[in-house]
Amino acid sequence: MSAGVLGTGHYVPENVVTNKDMEKIVETSDEWIRSRTGIEERRYAPDDMDTSDMAYKAALGALEEAGVAAADIDLILVATVTPDTPFPSVSNLLQDRLGATKAAAMDVSAACSGFMYGMITAKQFIDTNAYQHVLVIGVEKLSKITDWTDRSTCVLFGDGAGAAVIGNVSDGKGILSFELGSDGSGGKHLYQDKDDHLQMNGREVFKFAVRQMPESSVNVVEKIGFNKEDVDYLIPHQANMRIMEAARERLGISEDKMATSVKKYGNTSAASIPIALSESVKDGKIKDNDLVVLVGFGGGLTWGAVALRWGR
Ligand code: UT7
């Protein structure tokens, strides 16, 4: 047995905000946003919907798809940089709301790489047989830390949640290798300022991402003795189509084999990979036995990747 994905779920708010709508908020254009980022629209949660509300909806979907009852969850890991409040954690709130009576709960802070950190942490508890079911969620309400006067960041981000239940799958399937990393010297390029706003040096983060995502993707595949040509499906952090395209081209895989939900949802930070994973499963893009690579990067700076053989 090894740790793998038993079920996925996601939730995005109903409120669609197009690039044309953004033109009314800051001096920008649909053409600039599309050509520099690939983003066409994003979703913002209403004032009365907080991070834990979106996480709850995504979690219900993942539990249902997995066929696992909330009472059978041993641990809840929530990756977010926009919790309802610093404490209690979003995972604590969910533990109660889901009725996950025996679950331990903690939030994971690794910005856009948070879901990868959560998933790989979950794997350790499953592999050591300490736990049977870990619920991992990536969720953000970035609209509450967005500086609406800064056109270089406000057009990029969106709100949403994605979830996965991690548990035992048959031999040869599941998470076969992983990589995690941190370079705190780059923290100055992406952070939350004293006014609680997100600040980013886009060019520096871009350079880092274009180098790191392809490198980590190749590393996790080579660790298990495969070549990049063997990758069936790629789910990169959905930050910018240009960065994602660089990773795809380096792996040499065709366009239809990469998730591209950034177009519809913008950059949802820790939520982007699990939303893209859940959508890809529902759309039938990932098939049994596919070699799937998930790879993220983000503030910290942080990064993380897994190679997994899909199926139970
Ligand atoms: O998940 C977190 C990870 N974050 C990221 O992945 C972001 C990584 N970085 C990026 O995606 C890109 O750097 C951006 C999309 C943020 C920016 O693209 P860029 O090609 O690096 O543009 P730039 O920052 O070099 O800006 C080019 C120009 C500037 O004007 P000048 O100085 O050349 O006159 C900006 O002021 O574009 C201007 N600009 C805009 N123009 C219209 C910046 N934002 C906008 C905007 N609309 N929204």
Side-chain angles (χ1 to χ4, degrees), residues 17-42 79-82 108-117 138-143 145-160 162 181-184 186-193 197-217 235-248 258-263 265-276 294-305:
V17 177
T18 64
N19 292 344
K20 285 275 172 213
D21 296 326
M22 295 309 298
E23 289 176 5
K24 293 172 202 146
I25 300 173
V26 281
E27 199 183 325
T28 188
S29 66
D30 176 46
E31 198 282 319
W32 190 95
I33 302 171
R34 271 177 206 260
S35 62
R36 301 283 176 138
T37 72
I39 297 167
E40 293 165 12
E41 54 192 46
R42 70 288 289 144
T80 187
V81 294
T82 49
V108 177
S109 177
C112 303
S113 313
F115 183 79
M116 300 314 302
Y117 269 78
V139 56
E140 302 290 1
K141 188 177 179 183
L142 291 166
S143 58
I145 64 165
T146 298
D147 179 352
W148 298 104
T149 65
D150 178 6
R151 69 175 181 174
S152 72
T153 57
C154 75
V155 301
L156 304 175
F157 297 99
D159 302 337
S182 154
D183 175 9
K188 56 184 177 290
H189 300 315
L190 183 48
Y191 60 96
Q192 193 172 358
D193 69 17
H197 286 142
L198 182 153
Q199 297 288 349
M200 180 169 71
N201 180 337
R203 268 181 218 189
E204 285 302 322
V205 179
F206 192 96
K207 276 194 277 179
F208 157 69
V210 165
R211 177 172 43 82
Q212 195 60 53
M213 280 226 298
E215 192 178 308
S216 295
S217 304
I235 303 188
H237 169 44
Q238 305 284 307
N240 181 317
M241 275 303 288
R242 285 153 64 208
I243 300 172
M244 291 158 55
E245 281 296 322
R248 185 181 69 74
M258 178 173 77
T260 57
S261 56
V262 67
K263 294 177 185 172
Y265 306 136
N267 180 348
T268 57
S269 187
S272 92
I273 291 175
I275 291 174
L294 313 184
V295 57
F297 68 91
L301 300 170
T302 53
W303 61 94

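Numbers for residues simply follow the sequence, beginning at 1. Just so you know, ligand 1 is whichever comes first in the structure, and atom 1 is the first atom listed for that ligand.
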*Would you give the length of the straight line joining atom CG of Leu142 to atom CG of Leu156, rounded to the nearest 0.5 angstrom?*
10.5 Å

*State the CZ-OG distance between Arg248 and Ser217, to the nearest 0.5 angstrom.*
13.0 Å

*With a 3.5 Å cut-off and no angle check, do the side chains of Thr37 and Asn240 form a donor-acceptor pair?*
no

*Distance from Trp303 atom CH2 to Glu215 atom CD, nearest 0.5 Å?*
8.5 Å

*asked:* For a quick check: using heavy atoms under 4.0 Å, what are the residues in contact with ligand 1, sorted by chain and number?
replied: Glu27, Thr28, Trp32, Arg36, Thr37, Cys112, Arg151, Ser152, Val155, Leu156, Leu190, Met200, Gly202, Arg203, Val205, Phe206, His237, Ala239, Asn240, Arg242, Ile243, Asn267, Phe297

_Using the rule side-chain hydrogen bond (donor to acceptor under 3.5 Å, both in side chains), only one of Asn19, Thr18, Asp21, Asn267 pairs with Arg42; which is it?_
Asn19

*Just checking, any donor-acceptor pair under 3.5 angstrom between side chains of Glu140 and Ser269?*
yes

